Amino acid sequence: MEDLLRQLTPQVLGALTRRFGSFDQCEDALQEALLAAAVQWSQQGIPGNPRGWLVTAAARRLTDQLRSDSARRRREQATAGPLRSGDVQSPGPDSELSADRDDSLLLLFLCCHPSLTPASQIALTLRSVGGLTTAQIASAFLVPEATMGQRISRAKQRLKDAGATFAMPERAAWPQRLAAVLHVLYLTFNEGYTATGGPELTSAELTTEAIRLTSELHRLLPDDGEVAGLLALMLFTEARRAARVSRNGSLIPLADQDRSKWDRQQIRQGVTLISDALTRTELGRYQLQAAIAAVHDEAADAESTDWAQILGLYALLQSIEPNPVVTLNRAVALAMVRGPRAGLRLLESLDGDERIARHHRLPAVRGHLLEMDGDIEAARQAYLTAARRATSAPEKRYLQARAALLARR
Amino acid sequence: MKYLLMIYANQQTWAGFGPDDWTKAIAEQDAFNKEFFDTGELLGAFGLADAENARVVRVREGAAAVTDGPYLESKEHLASYYLLDVESEQRALEIAARMPFASFRGVEVWPVMHEAGAEM
């Protein structure tokens, strides 16, 4: 039943917002209707038209709310018209489906509106499009439920203050708005990139949710290469999950992972997606990152990895989206193709870049390349520096372990 | 990212404070707390009791021994701590600057370790 409610959430929210406007009030009313449904349906069973049930229940609350608001709101309601019985029955399958698609897309755009911070965009998307409860989202981000509720309320208020509407962005703004949606989905996926799991909705399940939402977006926009690219990237990354963490919880680097634990089906899905996108559409950051992940995931073992291809892809990525993280990754690929000194020289260019100069990954990669080059003591020091800078516990332990290994040599 | 803001003090820190100063200080801190609880960036605000009430527990060979007070009188102790959840270090620093104690002495800002791990 929980799955059904989550699936219906964006559909019902879309239908309500279309009819009544006032996204924030519709969202509130829907939350109440969902609570009522959870109670009633578990006692009396799922109704024949669950979607209609939710729309009616939420609409009833909304009209009550609107009636008690100012006269201006009463006039808006009169314009919209009372909810007729025909509105809650499902119209023909095709029209309902395309209306659903439009609504989900509009909801995604609304939740990722530029007036909101990324954290707010993520929370609102997970609730309104993902159908997760506030408690579930709070637990995934390790904040108290009240705090998450607060953030969502403020986000909805911000949307209202910014005059954000439930409508397709204008053509000129479309690429930017879609990029924001993709960014939110990407952030959500990365948030779930964790070593631990648990019984409630954990950060780990955020990756599943991110994949689900991105798949939906891909269904809505099958011709968009970046959407396909992002989905492929997520699948390639998720495919490695089982091999990334050892039994005692420590991180296993890509080169040492047991590839028999990789999810071949997800890899195949990713390959299909990225191969299609690369032939048809304009290159973008997600497609390139997916292509790089594909090269890794298609290699039978670490030694067979086509690093020359990866290097070329990073060079392309650097040209469309120059940033220090790309340079870091490119340095690794460069070292694999032209030797560690070449990689180390590239790293030197980052020492003055304050975006990355104090980050733990710079000395971590440096340590890796120094080790490759046989400069053991310098490598050990670099790993120790990286370990001190790390704010991720698993990464810190990994870096300390690498330093310890070198101490014994 | 989560950050811990910490205020250290001892008896000497508060030496010049009269009742009116206390009322003002508490009101300012309460206003700070409210502002950032409302934004959803402050997750918790905790004031610790005076060092007089603190204990140290040490277990040696299975036997627990409890002693009074952690440190010497002259050292500053952790007086209160605030847990933030914010987008960046910069934001954590901005919020710390808004804390009244930052204008009086200083506020320490420490990142809290998290359990998410990237592929190495």
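Sequence lines set the chain letters: A, B, ... in the order given, protein chains first and strands last, and positions in each chain run from 1. For clarity, every value in this text was computed on a predicted model and none was experimentally measured.
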Q: May I ask you to check whether B:Phe104 and B:Phe101 place their ring centres under 6.0 Å from each other?
A: yes

Q) Can you say whether A:Arg402 sits under 4.5 Å from chain B via the side chain, the backbone, both, or neither, judging by heavy atoms? A) neither

Q) Can you find a pair of side-chain heavy atoms, one from B:Tyr81 and one from B:Leu48, that are under 4.5 Å apart? A) yes

(Q) Go through it in stages, so that I can follow the logic: the residues are B:Leu84 and B:Leu42, the test is side chain to side chain contact (heavy atoms under 4.5 Å, CB included), and I'd like the CA-CA distance, side-chain angles, deciding distance and then a yes or no. (A) CA-CA 5 Å; B:Leu84 299 183; B:Leu42 180 61; 3.8 Å; yes

Q: Establish, yes or no, whether a centroid distance under 6.0 Å links the rings of B:Tyr82 and B:Phe36.
A: no

**Q.** Residue B:Val112 versus chain A: region with a heavy atom under 4.5 Å
**A.** backbone

(Q) Given heavy-atom pairs under 4.5 angstrom as the criterion, report whether the side chain, backbone, both or neither of A:Ala146 touches chain B. (A) neither

